[in-house]
2 protein chains.
Amino acid sequence: MNPSDKKPKRLSPEERKRRLLEKAIDYFSEEGFEGGTRELARQLGITQPLIYRYFSTKADLINEVYHAVYVSQWQESWAQNLQKRDRPVRDRLIEFYDGYTNAIFNRHWMRIFFFAGLKGLDINTRYIRRVSDHLLRPICREMRAELGFDVEKPLRQAEFDLVWMMHGLVFYQGIREHIYKVPYKVNHEFSIQIAVDMYITKSREVIEAALKDPAADLAPAASFIPEQLVQVAPDRI
Amino acid sequence: MNPSDKKPKRLSPEERKRRLLEKAIDYFSEEGFEGGTRELARQLGITQPLIYRYFSTKADLINEVYHAVYVSQWQESWAQNLQKRDRPVRDRLIEFYDGYTNAIFNRHWMRIFFFAGLKGLDINTRYIRRVSDHLLRPICREMRAELGFDVEKPLRQAEFDLVWMMHGLVFYQGIREHIYKVPYKVNHEFSIQIAVDMYITKSREVIEAALKDPAADLAPAASFIPEQLVQVAPDRI
DNA sequence: ATAGGTATTTATCACCTGATAAAAATATTC
DNA sequence: GAATATTTTTATCAGGTGATAAATACCTAT
């Protein structure tokens, strides 16, 4: 046996915790949060009680998994760059979706997102609200500004639906790739381009019709709840 | 108490099994397949061992849930009507998606689909293959025929991706409504119209470019496996 | 009314779950 | 090299799981 293969039986707390969290992301994104701590320990080559030296409860471990996968991946620059009016909206959107899909189109992110979504966990609803409030609503404003509509008038339902359609078209390709597991490489640049073009093309008539009709539904109000991406109610795990 | 409220303590096997399956659909679509048989029984007002008089194992019960939610909802007329060339493709697509979303945009279908998808269950991959082979590929043929392209030449990747984009745009609105649980009614007719228009608008240039370039990727071959929507490998539950 | 049939419950099995406490193994310090 | 400190394991707990067998409660036909 290669002498360099010798792995020390004891690790520093930092290194052990790092490996534990890394494996937990892997494991829970495959098995869901019902996955057992014993099997997780087995895959790490350690015994199950050792997990509890580094995470006080299973819920605590899962919380850190969330943080690592979701929170730390969110880029504040997304919302900032989307609102820099020195370039056409189309360019900004394509650049944004290039970065966004690059951050979230991976097996860990996609699967944990849906596991959490099906469980109705806080982190998931908060994330969707964040996408809605910090990304999609600003995009609607930018679109109005570029087309010369009044930015101050309240957002209409139809405009909001339309921007969600663009978002959904892009996002669904990630679902195909990582949830459906299609047996070939999905071309994301292509779908981003199609989605953005669809949005740009349809925006004028949708905004025009929505603003003309005083009876048209308003988009639901942005959330009042001070939203963070962090907490998970422990009893939901 | 209203005398008509008196419920008999014993039911006929048919009625009991019917109620059990109905509740199981409800229960597993909320909790996922890890949901316990005791809680299921509790919600039915019966004891847990009674379940095993009507379903030999939990896997057997889940299998019947699948069948009720997926298989029995599939309409053969979808594929048939899509290929009747007496009307424009646009009309056929809109009619199809009206019927399709009407069948699958409900909490049971949507949630069970993703629970099964995350577990990698056969039923789910089979379903996706069925959508691909029986719906989306025929749509691509119809589109080529309407635009006057050669229907016999093999399907290209870009055409296939494009039809999946239309499909994804529509499907994603169901995800928003039933997985994200947005707090308002999503307008499906609107998104269907946008999706179909996007597909029709982009088809000509995509097909043209794909057929012109001899190096363009082909779409993956339709599946050879004799696909059914029925079986679930018991050991995967 | 009673007897037979069967739907339903009670009691129980072996196994798995997250979590805790004490013992052991390893590394570090003097 | 002995003493100390800390990582890791062993042993175990209480409670939950799917499933089975035997006992019971209910309905119906006679």
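Excluded from the calculations below are hydrogen atoms, water molecules and symmetry mates; all remaining heavy atoms, backbone and side chain alike, are included. Letters A, B, ... are given to chains in the order of the sequence lines, protein chains preceding strands, and every chain is numbered from 1.
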S.K.: Are A/Tyr52 and D/dT8 close enough that a side-chain N or O sits under 4.0 Å from OP1 or OP2?
M.R.: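 Answer is no, no contact under 4.0 Å.
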S.K.: Verify the distance criterion only: is there a donor paired with an acceptor across the side chains of B/Ser191 and B/Gln173 at less than 3.5 Å?
M.R.: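 Judged by distance alone, the side chains do not pair up.
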S.K.: Tell me the interatomic distance from A/Arg19, atom CZ, to D/dT7, atom C1', rounded to whole angstroms.
M.R.: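 So the CZ-C1' distance, A/Arg19 to D/dT7, works out to 14 Å.
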S.K.: So that I know where these two stand, are A/Tyr97 and A/His167 an aromatic pair - ring centroids less than 6.0 Å apart?
M.R.: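 Yes: the rings meet the under 6.0 Å criterion.
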S.K.: Look for any protein N or O under 3.5 Å of an N or O in nucleotides 2-6 of chain C and output each such pair with its distance, or none.
M.R.:
residue, atom, partner, partner atom, Å
C/dG5, N2, B/Arg10, NH1, 3.2
C/dT6, O2, B/Arg10, NH1, 3.2
C/dT6, O2, B/Arg10, NH2, 2.9

S.K.: Counting the atoms with a prime plus P, OP1 and OP2 as sugar-phosphate, which does B/Ser12 contact under 4.0 Å by heavy atoms, base, sugar-phosphate, or nothing?
M.R.: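 Nothing: the residue B/Ser12, judged by heavy atoms under 4.0 Å, touches no strand.
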S.K.: Quick one: are the ring centres of A/Trp109 and A/Phe113 less than 6.0 Å apart?
M.R.: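 Yes, ring centres under 6.0 Å apart.
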S.K.: In whole Å, I'd like the distance from the CD atom of A/Glu39 to the C1' atom of C/dG18.
M.R.: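 For the pair A/Glu39 CD and C/dG18 C1', the rounded distance is 15 Å.
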S.K.: Report the distance from atom CD of A/Glu34 to atom C1' of D/dT17, rounded to the nearest whole Å.
M.R.: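 The answer, rounded to whole Å, is 13 Å.
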S.K.: B/Pro49 side chain: which of D/dA21, C/dT17, D/dG18 is closest?
M.R.: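 Between D/dA21, C/dT17, D/dG18, the one nearest the side chain of B/Pro49 would be D/dA21.
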S.K.: A/Phe28 and A/Phe115: aromatic ring centres closer than 6.0 Å?
M.R.: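 Ring-ring flag for A/Phe28/A/Phe115: false, centres at least 6.0 Å apart.
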S.K.: Would one find a side-chain N or O of B/Thr47 under 4.0 angstrom from OP1 or OP2 of C/dT8?
M.R.: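 Indeed not, no polar side-chain atom of B/Thr47 lies that close.
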S.K.: Round to a whole Å and report the spacing from CD of A/Glu31 to P of C/dT17.
M.R.: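 Rounded to the whole Å, the gap is 11 Å.
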S.K.: Measure centre to centre between the rings of A/Phe114 and B/Phe114, then say whether the value is under 6.0 Å.
M.R.: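 Between B/Phe114 and A/Phe114, which both carry aromatic rings, the centre distance is below 6.0 Å.
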S.K.: Whole angstrom is fine here: how far is it from OH in B/Tyr54 over to C1' in C/dT8?
M.R.: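 Nearest whole value for this atom pair: 8 Å.
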S.K.: Any donor-acceptor pair under 3.5 Å between the side chain of B/Arg38 and the base of D/dG16?
M.R.: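 No such pair is found, so the answer is no.
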S.K.: B/Leu40 has an atom CG; how far is it from atom C1' of D/dT17, in whole Å?
M.R.: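 Between C1' of D/dT17 and CG of B/Leu40: 14 Å.
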S.K.: To the nearest angstrom, how far is A/Glu14 atom CD from D/dT7 atom P?
M.R.: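 Distance check: A/Glu14 CD to D/dT7 P gives 9 Å.
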S.K.: Check whether B/Tyr54 forms a cation-pi arrangement with B/Arg16 (NZ or CZ under 6.0 Å from the six-membered ring centre, at most 45° off the ring normal).
M.R.: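 So B/Arg16 doesn't make the cation-pi contact.
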S.K.: Quick one: label A/Phe55 by what it contacts on the DNA or RNA (base, sugar-phosphate, nothing), any heavy atom closer than 4.0 Å.
M.R.: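 No contact.
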S.K.: Expressed in angstrom and rounded to an integer, what is the separation of A/Ile46 atom CD1 from C/dA19 atom P?
M.R.: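 Checked: the CD1 to P distance equals 15 Å.
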S.K.: Could you check whether any side-chain heavy atom of A/Ile175 comes within less than 4.5 Å of a side-chain heavy atom of B/Phe171, counting everything from C-beta outward?
M.R.: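 No, their side chains stay 4.5 Å or more apart.
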